[in-house]
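Working notes for the structure below.
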Protein chains: 2
Amino acid sequence: MAVTLADVAARARVSAATVSRVLSGNYPVAESTRARVLRAVDELEYVVNGPASALAAATSDLVGVLVNDIADPFFGIIAGAVQAEMGATVGEPGRGAEKLAVICNTGGSPERELNYLTLLQRQRAAAVVLTGGAVEHPDHAAAVAAKASRLAASGTRVVLCGRPPIEDATTLAFDNRGGARRLTEHLLTLGHRRIGYVAGPAERTTTRHRLEGHRAALTAAGADQDAERLTVHGLYDRASGYDATLELLRRERTLTAVVAANDTIALGVCAALRDQGLRIPEDVSVAGFDDLPFSADAVPALTTMRLPLHEAGARAGRLALGREPQPPGGVAMVRAELMARASTAPPRA
Amino acid sequence: MAVTLADVAARARVSAATVSRVLSGNYPVAESTRARVLRAVDELEYVVNGPASALAAATSDLVGVLVNDIADPFFGIIAGAVQAEMGATVGEPGRGAEKLAVICNTGGSPERELNYLTLLQRQRAAAVVLTGGAVEHPDHAAAVAAKASRLAASGTRVVLCGRPPIEDATTLAFDNRGGARRLTEHLLTLGHRRIGYVAGPAERTTTRHRLEGHRAALTAAGADQDAERLTVHGLYDRASGYDATLELLRRERTLTAVVAANDTIALGVCAALRDQGLRIPEDVSVAGFDDLPFSADAVPALTTMRLPLHEAGARAGRLALGREPQPPGGVAMVRAELMARASTAPPRA
DNA sequence: CTGTTAGCGCCTTCAA
DNA sequence: TTGAAGGCGCTAACAG
């Protein structure tokens, strides 16, 4: 069938062991033999059999990246950055083979998340990176934690990017709570008091943390009387933002600002407000979270909290490869930065 | 180290072969034995060793999906749809294990594309889906074609989604040329004659086909005198659209419309026009391509050609799994549909 | 329906 | 510096 190590060995007139050594490059081999082997590899167009070497070596070069929604740039940016760190520089034998980062789309489903973890465990993945908020259902959280421990125990590095720490994993946590708080403080400082909040799905950590930060700011300013009534939950998408905004306006027509749990939702918020004949920011200010690429281009440009997604993803990738030292305590906090733009302004007098 | 098939077999008091049969479910096994085995699997928390079974069975359950830029929703949508087709229903033994779709980000680099193909070949992937336009450099095209043939020869299904057909691969081609032509015809029908075009990178098939469609419409209408001068190339991103628009205005201030090679570029075009004090569509009409989710929400809503990305990705996934019959000749054309929205209108009188 | 027997292709001591 | 040999964990005939 396919060309094997033995074929290469025969052609280069050496043993299979020698070919293996040349290819993995972790063992001294005479330069002349080396050249001969490489030539044979070339002539035969030999390609290592991954499964076979993974079996023999008990390690694979797969790195799994789990995302909630690959069509959402939030995850696309992180995943792309992780993958870029793996540097696909194959084909140059002699220097340890590179890793293959595989992106797995869970669609936010707990079952699929677990399924993918099993699949990766089955593949004996070298590392797993879990990105984005976690589902907070206790059973599921326990199941994920258990899987993570088992993966870690079997030598798979587990890295969390944008979700709360768990045991046996290195984590890059996003400062959702602090960021959300500063964002709402920004609005309060501008003079807003009746602020609507469009939250994400209720059972996710990101949703809860951002909402908590928002509430904390309101409470600190003594402006939290209506907080409950002025909060609407939905999905992290544009349609939810649209619908939620209509609901908010129904509940409180005199809103002067709306904070969205993320930029995508904020887009829907803007659309709904506009359709209701309200101007941004003259009538209602709008703010988002994440600072995705399109946010700066929105009209008006969206005020939001910037999360260094690319940097975080790259760092997660390095941690997954063991190329970067663990942060103290295994946990590092990634801060969010306020990007005050045109979508927020003082309320009408 | 880890629990193996043999451990399960011992515990269930059957042979390893029986356990294997229960797990893969492709062979009759007595219900009682089956139950006993499943219980042992459970108690031992056994997880199949992927590499080992791939080696023995000479097939793996990996399916590779190559994309040019995973942070771009165009690819995110396609990749997500492919992956959804794989249905990660693991953990339910007895029904053939599901595939693991792995998304590989080439960043548009020919070398990385080839590298990933090698990596997937090394993993003995069950299938490979190549998405998005191809680089037209002859050497590279030949290299990719050769790799594809080799993959196909070794039993890996090769599916193309959004790129021109090659031998040994099933392809879902996007009707970029026809779509672009209809889009420009739409503008011509509205009365536009001085139409700028912001193209993508010169050496990509998608870029060329869309540009050709545009030119064909102009030529048919006898409006192609300035076509060359009114075309600017850039990347498929917002910044390029912005810069290209400034350049176009420098070349021809009296433009009444700008066609962008895709929606992302169109966003930049809109931003630039606005910054130049031009209104859309009163002063200048703008059109994009793809109909990404944000396009309908832009202000004004963007006229564009809709490509059924999700459907195409899903179909590519099914073809990769061999769950859908080959289209006649191995090639199917995916049509684009005109979405005439608020960003285009007749030119000023 | 179930057990036995060979490998799948590669890595890795152990010797030479 | 190189070769020989055993085994990684699983699947796939082939018997029974």
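Hydrogens, waters and symmetry mates are skipped; everything else that's a heavy atom, side chains included, is used. In the text below, chain A, chain B and the rest are named by the order of the sequence lines, each starting its count at 1. These numbers come from a predicted model, not from an experiment.
For the pair B:L55 CG and C:dA6 P, the computed distance is 18 Å after rounding to whole Å. Atoms CZ (A:R122) and C1' (D:dG9) sit 14 Å apart, rounded to a whole Å. Computed from coordinates, the B:D7 CG to D:dC8 C1' distance equals 14 Å when rounded to whole Å. Between B:R13 atom CZ and C:dC1 atom P the separation is 22 Å, expressed in whole Å. Atom pair A:N49:CG and D:dG9:P shows a separation of 17 Å (rounding to whole Å applied).
For the salt bridge (Lys or Arg N to Asp or Glu O under 4.0 Å) test, no residue two or more places apart in sequence or in another chain qualifies with B:E311. Every residue was checked against the side-chain hydrogen bond (donor to acceptor under 3.5 Å, both in side chains) condition with B:N105, not counting sequence neighbours, and none meets it. In this structure B:D42 satisfies the side-chain contact (heavy atoms from CB on, under 4.5 Å) test with no other residue, sequence neighbours excluded. Among residues two or more places apart in sequence or in another chain, the side-chain contact (heavy atoms from CB on, under 4.5 Å) test is passed with A:A332 by A:L172, A:R315, A:P327. Under the side-chain hydrogen bond (donor to acceptor under 3.5 Å, both in side chains) criterion, B:Q123 pairs with A:D61, not counting sequence neighbours. With sequence neighbours left out, the side-chain contact (heavy atoms from CB on, under 4.5 Å) criterion links B:E136 to B:T205, B:R208. B:A30 pairs by the side-chain contact (heavy atoms from CB on, under 4.5 Å) definition with B:S32, B:T33, not counting sequence neighbours.
One axis for each end of the helix from C:dC1-D:dG16 to C:dA16-D:dT1, each built from five base pairs, and the angle between them comes to 30° at 10° resolution.
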_Strictly under 4.0 angstrom, non-hydrogen atoms only: write out the protein contact profile of nucleotides 11-16 of chain D, one letter per nucleotide from the 5' end, B, S or -._
BBB---

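Residue A:T18 has a polar side-chain atom (N or O) positioned under 4.0 Å from OP1 or OP2 of D:dG3. Here A:T33 reaches the OP1 or OP2 of D:dT2: one of its side-chain N or O atoms lies under 4.0 Å away.
Checking B:T18 against B:S15 by side-chain atom types alone, a donor-acceptor pair falls below 3.5 Å.
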